[in-house]
A.B. asks: 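My structure is below; once you've seen it, I'll send some questions.
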2 protein chains.
Amino acid sequence: MTLEEVARRAKVSTATVSRVLNNLDVVRESTRRKVLQAAAALNYHPNLNARTLAGGKSRSIGAIVSNLSNPFFVDVLRALDAAARERGYDVLIEHTDYRVTRLRAGVRSLIGKRAAGLALIVSEMDPAVIEEIRASGLPAVYYDVGAAGGKTTNIRVRYETGMQRAVQYLYSLGHRRMAFAGHHAALSPLEVRKKAFLAAMKRYGRQVQSRAALSHDSPAGGAQAVRELLGSGFRPTAIVCVNDYMAMGVLRELRARGVAVPGDVSVTGFDNIELAEFTNPALTTLDIPRAAIGRMALEALLQEEGSETAPREVLLDPELVVRDSTGPAR
Amino acid sequence: MTLEEVARRAKVSTATVSRVLNNLDVVRESTRRKVLQAAAALNYHPNLNARTLAGGKSRSIGAIVSNLSNPFFVDVLRALDAAARERGYDVLIEHTDYRVTRLRAGVRSLIGKRAAGLALIVSEMDPAVIEEIRASGLPAVYYDVGAAGGKTTNIRVRYETGMQRAVQYLYSLGHRRMAFAGHHAALSPLEVRKKAFLAAMKRYGRQVQSRAALSHDSPAGGAQAVRELLGSGFRPTAIVCVNDYMAMGVLRELRARGVAVPGDVSVTGFDNIELAEFTNPALTTLDIPRAAIGRMALEALLQEEGSETAPREVLLDPELVVRDSTGPAR
DNA sequence: TTGAAAGCGCTACCAC
DNA sequence: GTGGTAGCGCTTTCAA
């Protein structure tokens with residue numbers, strides 16, 4: 001089914017059909033109706049590949065996230081998608097499972113599809129990929145990774161602040177032996193969280209002890225981190241998790257071992273995903289405004305070249321949300 | 001950056017560049033290298049819109065799910081994606097939030113992009129949409145909704161069996177007053193689950209009482225359903241949930257009200273998502289093989305026209321997975 | 001308000 | 001092995 005067949009059936013030119021389909025209101029109402037009827041009768045669906053090719057511009061935004069199973073990413077995606085939809089765009093979603101090779105493949109695919117812009121909500125990164133995107137000339141926005149400037153915007157969370165708040169809060173509750181449960185040591189933003197935790201601890205000097213365990217980004221990974229932690233003989237009174245998703249596994253493994261939360265051990269998460277409120281006990285965590293991030297990302301991408309209205313770099317401070325998984329040190 | 005520029009730089013024809021880029025091994029090694037070098041030097045990314053248009057076939061599979069926040073759908077998506085990737089395809093993801101208008105828009109977008117096939121993992125449906133897909137001639141696979149035949153495959157879960165197993169199990173534990181917590185009464189597969197629950201209850205006749213509450217598909221929705229249920233004065237000793245995702249909210253609301261699980265009330269889920277194992281108490285549920293569904297969907301879509309190897313309709317029976325959220329009736 | 005026709009960047013067929 | 005070139009289905013001048 002092509003434009004031409006529709007044109008033939010409606011007895012007009014392809015140009016006119018195109019005008020109707022694109023709502024160029026120069027078309028006479030009667031012919032418009034004719035065209036629409038013909039299109040419907042033929043079950044016509046415009047070939048978007050041809051449209052993008054001919055028009056030169058695409059109505060798709062490319063988005064890449066590290067882990068579709070982690071609600072954090074889905075929340076950002078949904079906000080991005082909603083904002084895009086409002087502006088008449090759709091979103092092409094790619095996910096990497098934290099692997100740089102998949103990141104690279106995703107970026108190439110999206111550039112190949114001539115996306116109107118790229119949102120990289122990922123923890124893994126590679127300078128070559130950043131350069132490839134820059135060279136492609138596409139507007140881009142990075143969350144956590146990448147550098148701002150030119151057509152690229154950077155949204156960054158101050159993990160240091162967040163971790164400091166968590167540690168300080170736990171310290172004030174009397175905790176002196178704390179552990180960190182994370183994943184993917186090698187990826188910079190995750191490393192940053194761990195480092196931030198360690199740095200926050202360091203401020204208390206010799207009074208405190210800490211330890212870190214890394215696994216993978218899932219509840220199962222959280223459980224595994226706890227096994228590793230406790231297996232090492234270290235006896236923390238608080239466990240700080242890199243995110244809420246893993247924290248769910250931490251809670252469960254602790255329970256399985258008969259360790260009461262927060263009675264014996266306090267636990268904190270990071271992100272404040274919806275589920276954090278539904279764990280038992282409900283999770284104390286640091287809020288990251290995922291919806292705002294998604295919206296900002298879209299705005300940044302669709303911004304006019306000239307109008308430097310929006311900042312090219314934005315910094316977010318995570319807010320501490322106290323629930324029931326933390327309490328005084330035993 | 002176009003094929004032609006690459007050709008110019010490599011001093012070959014566009015045809016040759018195309019051959020190299022498509023790995024048609026008729027090209028001499030030396031020219032192949034020249035071309036690759038030129039492409040790399042120019043940061044060339046083939047325009048996939050043009051490729052699809054010219055080639056006539058696309059390497060993308062379209063997938064539509066109802067709720068990206070419900071891990072059930074993400075699990076199916078991931079399996080589908082992995083299988084597609086293996087075969088050299090990528091997946092275009094759409095989500096509907098259970099709205100038929102978005103379903104329709106998603107289908108149109110995917111047909112417009114000339115996806116190689118459509119996977120509809122959704123609860124909402126509309127005969128007109130099914131007809132539109134059929135008329136488009138694209139291979140399609142439906143989960144839960146739609147009818148098999150022609151180029152379309154149907155994957156269906158026997159909710160009746162699943163619900164029967166849940167109810168029977170609870171009955172055997174002594175439960176006589178049970179409630180159902182679901183969402184979207186109007187959507188057929190969800191209605192089926194509810195009906196199946198009611199039917200299963202009916203088999204026990206006057207000995208048992210039941211009640212249903214509908215909310216939306218999220219933990220918050222589950223919590224809300226409990227409020228509605230208990231607010232009505234009904235005092236169930238067991239709550240059967242339409243899925244695990246909502247069950248998480250049911251558990252939490254019960255706890256908030258001081259109702260012990262499974263001491264006072266037993267709770268069951270449906271789907272057996274990873275998180276079901278991480279709730280407190282761990283959730284008794286019915287397993288649906290999400291990974292297998294994703295894989296089967298892909299295979300069905302990529303199947304040769306002629307080879308009727310795979311069945312055009314497949315039925316799955318959910319298996320009961322007993323964990324800690326169920327126990328003897330008080 | 002409408003039509004004719006020149007591309008958009010690529011593939012695939014036909015020559016050489 | 002390689003090049004020339006006719007489309008793929010659409011948008012977008014330019015004329016009428």
Side-chain angles (χ1 to χ4, degrees), chain A residues 1-36 38-39 42-60 88 108-116 136-138, chain B residues 1-36 38-39 42-60 88 108-116 136-138:
Chain A
M1 208 44 40
T2 72
L3 235 201
E4 187 166 353
E5 302 181 58
V6 176
R8 203 147 43 212
R9 188 176 228 268
K11 298 192 198 308
V12 297
S13 71
T14 59
T16 295
V17 176
S18 175
R19 291 188 187 104
V20 171
L21 265 29
N22 290 288
N23 287 311
L24 301 195
D25 46 353
V26 286
V27 190
R28 190 186 302 148
E29 188 52 31
S30 64
T31 70
R32 150 180 245 85
R33 233 192 313 276
K34 266 199 312 189
V35 170
L36 257 15
L42 294 172
N43 191 237
Y44 170 71
H45 295 270
N47 184 323
L48 301 182
N49 296 298
R51 176 176 289 180
T52 302
L53 181 59
K57 51 225 163 190
S58 138
R59 294 300 264 175
S60 295
R108 290 193 178 152
S109 169
L110 259 13
I111 294 180
K113 288 170 180 165
R114 297 298 184 265
S136 79
L138 290 184
Chain B
M1 207 45 39
T2 74
L3 235 201
E4 186 166 353
E5 301 181 57
V6 175
R8 204 146 42 210
R9 188 177 227 267
K11 298 192 196 313
V12 297
S13 71
T14 60
T16 295
V17 176
S18 176
R19 290 188 187 103
V20 171
L21 264 30
N22 290 288
N23 286 311
L24 303 195
D25 44 355
V26 286
V27 191
R28 189 185 304 151
E29 188 51 31
S30 64
T31 68
R32 151 179 243 85
R33 233 193 313 277
K34 265 199 313 189
V35 170
L36 257 15
L42 294 172
N43 191 237
Y44 171 71
H45 295 270
N47 185 323
L48 301 181
N49 296 298
R51 176 175 289 178
T52 302
L53 181 59
K57 52 228 162 188
S58 137
R59 295 299 265 175
S60 296
R108 291 192 176 153
S109 169
L110 260 12
I111 293 180
K113 288 171 180 164
R114 297 297 184 266
S136 79
L138 290 184

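These numbers come from the heavy atoms of this one structure, side chains and all, not from hydrogens, waters or symmetry mates. Below, chains carry the letters A, B, ... as their sequence lines are ordered, and counting in each starts from 1.
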A.B. asks: Might you point out which heavy atoms bring Leu42(B) and Val6(B) nearest each other, and give the distance in Å?
C.D. replies: CD1-CA, 3.9 Å
A.B. asks: Can you figure out which of dT2(C), dG3(C), dC10(C) approaches the side chain of Val26(A) most closely?
C.D. replies: dT2(C)
A.B. asks: Figure out the CD/P separation between Glu29(A) and dT1(C), and round it to whole Å.
C.D. replies: 11 Å
A.B. asks: Out of dC10(C), dA12(C), dC10(D), which nucleotide sits closest to the side chain of Ala54(B)?
C.D. replies: dC10(C)
A.B. asks: Which residue, Thr14(B) or Gly55(B), contacts DNA chain D at a nucleotide closer to its 5' end, judged by nearest heavy atom?
C.D. replies: Thr14(B)
A.B. asks: Expressed as a whole number of angstroms, how long is the span from Asn47(B):CG to dG9(C):P?
C.D. replies: 7 Å
A.B. asks: Just to be sure I understand the rule, does Thr31(A) reach a base, reach only the sugar-phosphate, or reach nothing, if contact means heavy atoms closer than 4.0 Å?
C.D. replies: sugar-phosphate
A.B. asks: Is there a donor N/O on one and an acceptor N/O on the other, under 3.5 Å, for the side chain of Arg32(B) and the base of dG1(D)?
C.D. replies: no
A.B. asks: Give the nucleotide from the list dA4(C), dG9(D), dC10(C) with an atom nearest to the side chain of Thr2(B).
C.D. replies: dC10(C)
A.B. asks: May I have the distance from Asn23(B) (atom CG) to dT11(C) (atom C1'), rounded to whole angstrom?
C.D. replies: 15 Å
A.B. asks: Please determine whether a side-chain nitrogen or oxygen atom of Ser13(B) lies at a distance below 4.0 Å from atom OP1 or OP2 of dG4(D).
C.D. replies: no
A.B. asks: Heavy atoms only: give me the nearest Arg114(A)-Met1(B) pair and the separation to one decimal.
C.D. replies: NH2-O, 3.9 Å
A.B. asks: Taking only the side-chain heavy atoms of Tyr44(B) (C-beta and beyond), determine which of dG9(C), dA5(C), dG3(C) contains the nearest atom.
C.D. replies: dG9(C)
A.B. asks: Mind calculating the distance between CD (Glu4(A)) and P (dG7(D)) to the nearest angstrom?
C.D. replies: 12 Å
A.B. asks: Would you indicate which nucleotide in dC10(C), dA12(C), dT12(D) comes nearest to any side-chain atom of Ala15(A)?
C.D. replies: dT12(D)
A.B. asks: One thing to verify: whether Arg9(A) and Glu5(A) come together as a salt bridge, which I'm taking to mean a side-chain N less than 4.0 angstrom from a carboxylate O.
C.D. replies: no
A.B. asks: What is the separation between atom CG on Asn22(B) and atom C1' on dC13(C), rounded to the nearest whole Å?
C.D. replies: 15 Å
A.B. asks: Between dC10(D), dT1(C), dA5(C), which nucleotide gets closest to the side-chain atoms of Arg51(A)?
C.D. replies: dC10(D)
A.B. asks: dT11(C), OP1 or OP2 - any side-chain N/O from Ser18(B) closer than 4.0 Å?
C.D. replies: yes
A.B. asks: Which heavy-atom pair separates Leu138(A) from Ile111(A) by the least distance, and what is that distance?
C.D. replies: CD1-CG1, 4.0 Å
A.B. asks: Side chain to side chain contact (heavy atoms under 4.5 Å, CB included), that's the test. Do Arg32(B) and Asn23(B) meet it? Break it down for me.
C.D. replies: CA-CA 9 Å; Arg32(B) 151 179 243 85; Asn23(B) 286 311; 3.0 Å; yes
A.B. asks: Reckon Val12(B) touches a base, only the sugar-phosphate, or nothing at all at heavy-atom distances under 4.0 Å?
C.D. replies: sugar-phosphate
A.B. asks: dT12(D), dG9(C), dC13(C): which one has an atom nearest the side-chain heavy atoms of Lys57(A)?
C.D. replies: dT12(D)
A.B. asks: Rounded to the nearest angstrom, tell me the gap between atom CE in Met1(B) and atom C1' in dG9(C).
C.D. replies: 13 Å
A.B. asks: Classify the side chain of Arg19(B) versus the base of dG3(D) as yes if they form a donor-acceptor pair under 3.5 Å and no if they do not.
C.D. replies: yes
A.B. asks: Separation of Leu3(A) atom CG from dT12(D) atom P, in whole Å?
C.D. replies: 12 Å
A.B. asks: Rounded to the nearest 0.5 Å, what separation is found between the CZ atom of Arg8(B) and the OG atom of Ser13(B)?
C.D. replies: 13.0 Å
A.B. asks: As a test of reading the structure: which of dC10(D), dG9(C), dG4(D) is closest to the side chain of Ala50(A), going by heavy atoms?
C.D. replies: dC10(D)
A.B. asks: Round to the nearest Å and state the distance from Asn49(B) atom CG to dG9(D) atom C1'.
C.D. replies: 12 Å
